[in-house]
Amino acid sequence: MKEKNQERRLGQFLVNNKAIVIFLFLAIVLSFATDNFMTKTNLLNMVRQVCVMSVMSVGFTLILASGSIDLSVGYMLGLVGVFCALISKIAGLPVILVLLFSILFGMFLGFCNAFLFLTFKMPPFIVTLSTAQIFRGVTHLLCDGTPVSGLPDAIIAIGQDYFLGIPVQIYIMVIVAVVMAVFLRSTYLGRHAIAMGGNEEAARVSGVHVKRMRYIVYIIMGACVAIAAIIMDGRVASAQPTAGAGMEMDAIAAVVIGGTPLSGGYGNVLGSVFGCLIVGLINNGLNILNVSSYWQWIAKGALIIIAIMLDVQTSSLIKATKKRKA
Amino acid sequence: MKEKNQERRLGQFLVNNKAIVIFLFLAIVLSFATDNFMTKTNLLNMVRQVCVMSVMSVGFTLILASGSIDLSVGYMLGLVGVFCALISKIAGLPVILVLLFSILFGMFLGFCNAFLFLTFKMPPFIVTLSTAQIFRGVTHLLCDGTPVSGLPDAIIAIGQDYFLGIPVQIYIMVIVAVVMAVFLRSTYLGRHAIAMGGNEEAARVSGVHVKRMRYIVYIIMGACVAIAAIIMDGRVASAQPTAGAGMEMDAIAAVVIGGTPLSGGYGNVLGSVFGCLIVGLINNGLNILNVSSYWQWIAKGALIIIAIMLDVQTSSLIKATKKRKA
Amino acid sequence: MGENDLVLKVTDVSKSFSGVQVLNRIQFELKKGEVHALLGENGAGKSTFMKILLGIHTADSGSILFKGKEVHFKEPYDALQAGISMIHQEISLIPNMTVAENIWVGREKQFYKHGFIDRKAQLAKTRELLESLKVSIDPQAMVKNLSIAGMQMVELVRAVSYHSDIIIMDEPTSALTQSEIEVLYRVVKGLAEDGISVIFISHKLEEVFEICDRVTILRDGHYIETRECAETDMPTLIRLIVGRELNQMFPKEEAPIGEEVLSVRHLCRSGVYEDISFQVRQGEIVGICGLMGAGRTEIMRGLFGVDPVDSGEITVRGNRCKIRSPRDAIRCGLGMVTEDRLQLGGIRILSIKVNMTLVYLKKLCTAKLFVRKREESSRCREMMELMEVKAASVNQAISQLSGGNQQKVIVGKWLMNQPDILILDEPTRGIDIGSKSEIHRLISNLAKKGMAILMVSSELPEVLGMSDRILVIREGKIVAEHNRGDVSQEILIKEEFGAS
Amino acid sequence: GCGSGETDKEALPAAEDDKGMQDAKDTGETDQAGDAKDAKADSAQLLIGIACYSADEYQKSWLDTFEAAAESKGNIKVVSTNADANVEKQVSDVESLIAQNPDVIILRAVDADGLAASVDACVSAGIPVVASSYEVHNDKISAWVGANQKDNGILQGEYLQGILDANPDMKMNLCYIWGGFGLTGTQERYDGLIDPFVNKLKADGRGELLAEKAGNWSASDAMALTEDWIQSFPDMNVIVCQNDEMAAGAANALKAANVDMEKFYLLGIDGSANGQQYIRDGLIDATIWTDLNDEISTNLDVAVKVAGGETYKEPVYLNSYKLMTKDNIDELLGSK
Ligand SMILES: Nc1ncnc2c1ncn2[C@@H]1O[C@H](COP(=O)(O)OP(=O)(O)OP(=O)(O)O)[C@@H](O)[C@H]1O
Ligand SMILES: Nc1ncnc2c1ncn2[C@@H]1O[C@H](COP(=O)(O)OP(=O)(O)OP(=O)(O)O)[C@@H](O)[C@H]1O
Ligand SMILES: [Mg+2]
Ligand SMILES: [Mg+2]
């Protein structure tokens with residue numbers, strides 16, 4: 001009896017987190033297709049490759065779940081990255097302050113986005129598309145368009161070092177994801193964000209402070225972007241002004257693949273992380289199989305479609321069998 | 001009495017088409033800021049520079065009004081452009097057939113998008129994001145990554161020649177826009193598309209053939225992209241495989257600035273064209289004022305925000321005065 | 001009673017939306033522990049007034065004294081904190097959340113344990129609450145899977161759970177069947193005993209006499225009068241509300257009943273309904289009644305192709321029809337006014353015109369493509385007059401209409417298309433008493449002209465008054481059939497419950 | 001050389017002009033006797049990993065030429081990745097390459113600092129790295145092969161200087177179209193033109209740099225820019241672009257505005273197929289063509305040697321960049 005219950009729970013879990021199933025499926029296919037895939041190094045590689053994106057996607061899960069959008073996060077990443085490098089290089093601040101100020105700066109940028117569209121009642125889509133351009137310009141002004149190198153060792157360590165055989169950035173990513181998952185599931189702020197995404201008007205009449213909640217959501221997104229920017233800086237040992245460009249679309253795609261709907265009202269952090277892993281796995285796998293870059297684009301597009309297709313088909317299959325049983 | 005009525009109508013028209021007001025405002029500012037702006041050549045330049053994007057935005061107005069999204073249009077433009085050049089160069093077809101087949105090919109690509117997400121019940125966002133990558137890969141495979149030159153003169157004429165002192169492409173753009181405006185305003189299909197965008201379920205219950213309508217919308221979008229691709233080919237006198245990359249975001253921005261909401265249920269073709277003109281005006285103006293690239297990004301972002309801000313503020317002002325009068 | 005007994009005193013509240021005066025110097029007093037009915041036609045301004053009390057809208061002028069202090073609520077949060085809660089006319093729940101979560105949205109903090117929400121405690125508290133109110137709803141069900149009636153019950157439970165000083169109920173019974181209405185009566189009486197004041201809005205006057213102490217009437221945004229219920233009667237109230245006499249509530253006209261138009265055989269959807277068979281004839285009105293969740297709406301949805309059916313056969317005028325989508329159904333000559341006006345009924349952001357002509361549109365086209373705009377507008381205006389829709393123009397978005405007027409637009413949409421068979425699921429939900437009799441007259445007329453009508457309604461007087469034949473549904477099956485005049489309300493209720 | 005930072009490069013100014021440099025392989029510093037390893041490389045199959053910069057026309061033909069050359073050698077297999085000009089992606093790409101354990105990795109780095117750590121990763125995995133065409137700031141690379149990106153700009157400047165010298169009355173009002181900002185390659189191309197030529201131009205009072213903007217490597221963006229410049233700078237008579245496609249776009253705009261192309265100087269970089277056509281048509285005056293056959297054979301040689309255990313302490317400079325004009329185009333193309 002108990003076993004059956006557990007079985008059913010596992011089943012339910014997998015239905016809700018189909019990204020995991022897709023991921024496992026692709027991983028199994030790849031490990032048969034090539035010898036180089038199922039090595040510890042390569043698997044760690046793959047996870048490391050999506051750390052930056054994952055941290056960003058975790059923030060984006062909150063944004064989408066709350067029924068909003070932020071298209072500025074790509075260029076925001078570049079801006080915070082350059083800011084971080086400059087304050088440590090020029091101002092020569094101690095590392096801990098550099099990290100703190102960078103995260104505060106990210107939160108500030110998120111705040112600016114929210115401030116603009118809340119105060120002037122504009123659509124977030126247009127506001128963040130525009131601030132993206134502003135961030136891009138400011139980044140290039142700050143560093144005159146050239147990458148900033150000479151980061152302190154501690155930041156490089158964040159992007160490159162290992163702790164107990166596992167890259168430091170993976171710990172950070174996991175911590176960010178866990179914090180966000182708990183936030184969404186078990187704090188009233190998280191529930192309010194989701195309620196607002198499900199039906200803003202209903203949330204408002206239930207006493208949710210919608211405006212304040214929007215600020216919180218965008219500030220948290222800013223913090224996630226800042227953390228991603230720091231990891232990125234460490235990973236490439238320099239701050240690239242063009243880093244992050246276009247990453248917002250990858251992040252949205254990963255989040256949607258992970259099961260969070262664009263329309264809001266539900267957020268699945270674990271799904272988002274696995275969404276990123278799926279994208280990473282496809283990139284890594286195609287490289288290992290030495291698919292040429294033109295075919296790689298095609299394969300990537302096709303694989304994502306097939307993965308989601310399988311997902312949709314299996315879940316309707318599951319529903320159908322369930323019904324027959326009932 | 002009649003005059004007053006006309007006045008009120010004009011007022012109402014401007015409130016509904018605020019993009020025109022923003023455009024005029026920016027144009028007046030620019031014509032004072034620089035002597036080179038208010039010349040016939042420069043104005044024609046500006047319009048020509050946004051022709052491709054306008055044709056695309058006109059299609060996008062329908063997509064957004066029907067409550068959908070298509071992120072593949074950027075790379076689709078590149079694909080159709082290369083296809084068009086190749087069939088005229090390799091197959092050596094007569095120009096009229098080249099044009100016809102190119103448009104049919106665009107419609108086919110739109111059909112593929114719709115087929116994928118309708119048949120397998122996937123979100124259009126993810127499907128079109130993926131097909132974009134597929135289109136990109138196919139384009140590069142077709143032309144091996146190199147631009148295809150040697151287009152027939154007729155196609156180059158479409159992008160470069162004048163008729164009665166006005167560039168040919170402007171006529172095409174105007175025709176496409178007018179056809180779409182009539183389609184949306186005065187045909188039952190257009191009405192069904194809008195109803196579907198307002199509330200898909202309710203439209204279905206009222207007898208709208210939602211699935212067929214989605215096909216129609218995407219096929220029309222494909223045709224618009226194909227026309228844009230032909231103009232683009234003619235304009236640069238060759239087919240660039242990277243043409244159009246990232247243009248989907250510009251087009252969405254222009255459409256939203258023009259007053260069509262992302263959430264669907266309303267479409268303003270005239271607004272979209274003026275949305276494109278606003279973006280073109282800002283680019284052109286900043287070039288003429290010789291603002292450096294970095295500042296240009298910042299200025300572009302800021303101007304769009306300010307334009308929409310003014311827009312929102314004035315319309316609430318208008319509402320307020322109306323109230324006082326009543 | 002002295003001033004001290006007043007929980008709420010409203011003087012001279014006015015409100016206008018973009019130039020249109022909706023409320024004009026409204027007066028209102030509410031005593032502690034009283035149940036106060038607020039009556040008026042559709043669009044009289046009742047909901048707007050209530051939304052001002054809750055801080056959803058702000059008044060242009062006037063003062064609101066709550067427990068003796070002047071208040072200006074800017075957000076519903078402020079009103080809820082101060083002690084005013086509300087059941088909203090349009091369901092305002094969060095579809096992707098469970099019943100338990102919905103009830104406590106905005107108040108999750110009270111379940112905090114070690115800084116996080118204790119879901120078990122939340123669930124237990126919800127169970128306790130549902131049991132104490134004798135409402136049988138699964139607290140873990142997703143709200144989006146509930147029927148409209150279920151949602152309305154959740155709203156009731158939520159409003160009560162605040163333990164506020166004032167509970168506003170804006171048409172809480174519009175989708176409820178008799179048994180839930182009983183629950184509601186009991187709850188309201190209990191609240192009054194505990195000294196909580198209730199503002200009760202309804203278009204069903206019997207309810208007012210059943211539970212209300214006093215009644216205030218609004219007309220066209222103006223305050224008309226406040227009376228003790230005990231000192232007034234139904235005709236007086238109707239006169240005060242409508243501003244004229246109303247002679248007959250259910251103006252059923254005898255129509256010649258012709259041949260069979262619709263025949264449904266063995267319609268089945270596993271787990272929801274099974275073996276549904278019935279016929280409707282030309283000129284006949286078939287009423288369908290049952291309890292909440294009996295499956296009436298589901299059967300109609302299946303019949304109209306909104307949901308898939310597992311098996312069954314539908315014939316229209318002797319021809320078998322394969323109905324897989326509402327479009328097929330419309331082509332076979334069916335029309336359906338849905339129970340749910342937010343999700344399925346109307347397109348909120350679009351205008352009255354677009355909504356009203358949507359089904360009929362193809363018949364308004366030249367060259368099968370271009371809409372004849374002028375004809376469209378004139379037809380739309382005609383229908384608005386016929387249905388007595390109160391709106392500024394045909395281009396007003398229906399989201400800006402009062403609830404009852406939205407319903408009229410949706411009914412008008414289907415009438416315009418003149419189907420052979422019209423399915424009406426709670427057609428008069430939220431419609432005021434004057435218009436209701438107009439709509440009833442209209443339905444009778446249509447039947448007389450040969451339309452076959454299927455009418456689902458939770459209001460038994462309406463079913464009894466209008467139908468030629470009555471089907472009773474219980475647990476997804478047809479359990480009884482009666483002809484006009486053969487049955488009483490008591491018998492129907494018994495059959496709905498299945499009690500012998 | 002470039003492998004060990006900028007100072008090294010400046011210490012070797014002569015090397016840039018030394019045409020024979022690619023032959024002057026400094027094998028004296030080889031750690032082990034090369035012969036044994038060479039023999040092994042000949043018998044067994046050699047796996048070369050290439051981390052490409054992007055998949056645009058020029059980079060793709062570089063890779064294609066390399067693969068063809070490798071194939072003609074017989075026992076060499078090539079695996080490649082494409083970074084889409086994105087540093088982060090290239091870091092990932094190198095990781096993927098390491099996972100396949102090639103004998104040598106050719107790194108065409110998107111950024112000199114950004115890929116420095118990747119070199120460490122390769123070396124610690126026992127895979128030697130050859131930096132090709134683009135700098136990497138890491139001493140652990142086994143060789144640096146390539147022409148200096150700066151040469152592109154320098155050659156463009158020399159061409160324009162030649163025209164100035166031939167027309168003593170002429171003034172040059174120049175506009176510059178970047179591909180994009182923030183990448184090592186674009187900055188060097190720009191610097192190569194500005195440092196010697198434009199600064200001298202200004203100092204001599206023979207002209208100035210009117211404007212510089214990003215054309216995003218796109219013909220249509222460059223075309224729009226040029227159209228606007230024609231309005232605001234009627235006396236503009238030179239446009240220098242960072243690639244041929246943008247130059248072609250500019251040419252379209254100039255032609256449409258009926259600018260006298262005889263008196264206008266339009267320069268590109270790459271010598272792409274389309275660019276060559278524009279040169280022949282007299283629309284583009286000059287471009288910088290890369291002699292790929294020359295470049296690739298050296299790259300391949302160095303890679304094979306490095307795989308065999310050799311290291312090159314000095315950079316291997318190529319002068320595969322050649323100025324291409326209408327006059328020498330047939331000569332250059334015929335020379336392969
Ligand atoms: N947001 C709005 N914008 C413009 N007009 C509005 C808006 N909300 C309500 N109205 C108008 O205010 C008037 C009063 O509406 P209200 O909803 O208060 O009526 P009601 O008395 O509740 O009617 P019902 O019985 O139908 O619910 C209506 O004429 C309606 O059109
Ligand atoms: N989308 C849905 N998914 C799952 N269950 C549903 C759904 N819609 C309705 N139900 C359930 O199906 C049963 C039948 O509901 P239905 O709406 O047909 O009842 P009804 O007789 O019309 O009563 P009322 O309309 O008064 O609620 C109910 O138990 C309801 O909770
Ligand atoms: Mg109301
Ligand atoms: Mg029902």
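Quick note: numbers below take in every heavy atom, side chains included, and nothing from hydrogens, waters or symmetry partners. Predicted model only: the values in this text are computed from it and were never measured.
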### Task
With the side chain counted from C-beta on, respond yes when C/Arg327 and B/Val208 share a heavy-atom pair under 4.5 Å apart, and no when they do not.
no
Is the count of non-hydrogen atoms from other residues, nucleotides or ligands lying under 6.0 Å from [X] atom [atom1] greater than 12?
X	atom1	result
B/Lys121	NZ	no
B/Tyr215	OH	yes
C/Arg25	CZ	no
B/Tyr171	OH	yes

## Note on the structure
By residue number, those in residues 400-418 of chain C with heavy atoms under 4.5 Å from heavy atoms of chain B are C/Lys413, C/Trp414
### Winner by heavy-atom pair count (cut-off under 4.5 Å) against chain C, out of B/Gly198, B/Gly264, B/Gly207, B/Ser206
B/Ser206
### Query
Picking from B/His192, B/His209, B/Glu201, which has the most non-hydrogen pairs under 4.5 angstrom with chain C?
B/His209
## Note on the structure
Under 4.5 Å to a heavy atom of chain B? For C/Gln21 that would be neither
### C/Ile349 portion near chain B, given a 4.5 angstrom heavy-atom threshold
side chain
### Interatomic distance, C/Leu358 atom CG to B/Ile194 atom CD1 [nearest 0.5 angstrom]
11.0 Å
### Message
Nearest 0.5 Å, please: how far is NZ in C/Lys362 from CG in B/Leu189?
### Response
8.0 Å
#### Entry: Nearest non-hydrogen partners of B/Val205 and C/Phe304, listed with the distance
O-CE2, 3.5 Å
### Query
Which pair of heavy atoms, one from C/Phe370 and one from B/Val182, lies closest together, and at what distance?
CE2-CG1, 3.9 Å
### Query
Under 3.5 Å, side chain of B/Asn199 to main-chain N/O of C/Leu344, donor-acceptor pair present?
no
### Query
Short question: side chain of B/Arg204, backbone of C/Ser325 - any donor-acceptor pair under 3.5 Å?
no
### Message
Can you tell me which of C/Leu350, C/Thr357, C/Thr366 forms the most heavy-atom pairs within a distance under 4.5 Å of chain B?
### Response
C/Leu350
### Task
Quick one: which of C/Asp328, C/Asn355, C/Ile330, C/Leu364 has the most heavy-atom pairs under 4.5 Å with chain B, could you say?
C/Ile330
## Note on the structure
Contacts of B/Ser66 meeting side-chain hydrogen bond (donor to acceptor under 3.5 Å, both in side chains) (sequence neighbours excluded), chain-then-number -> none
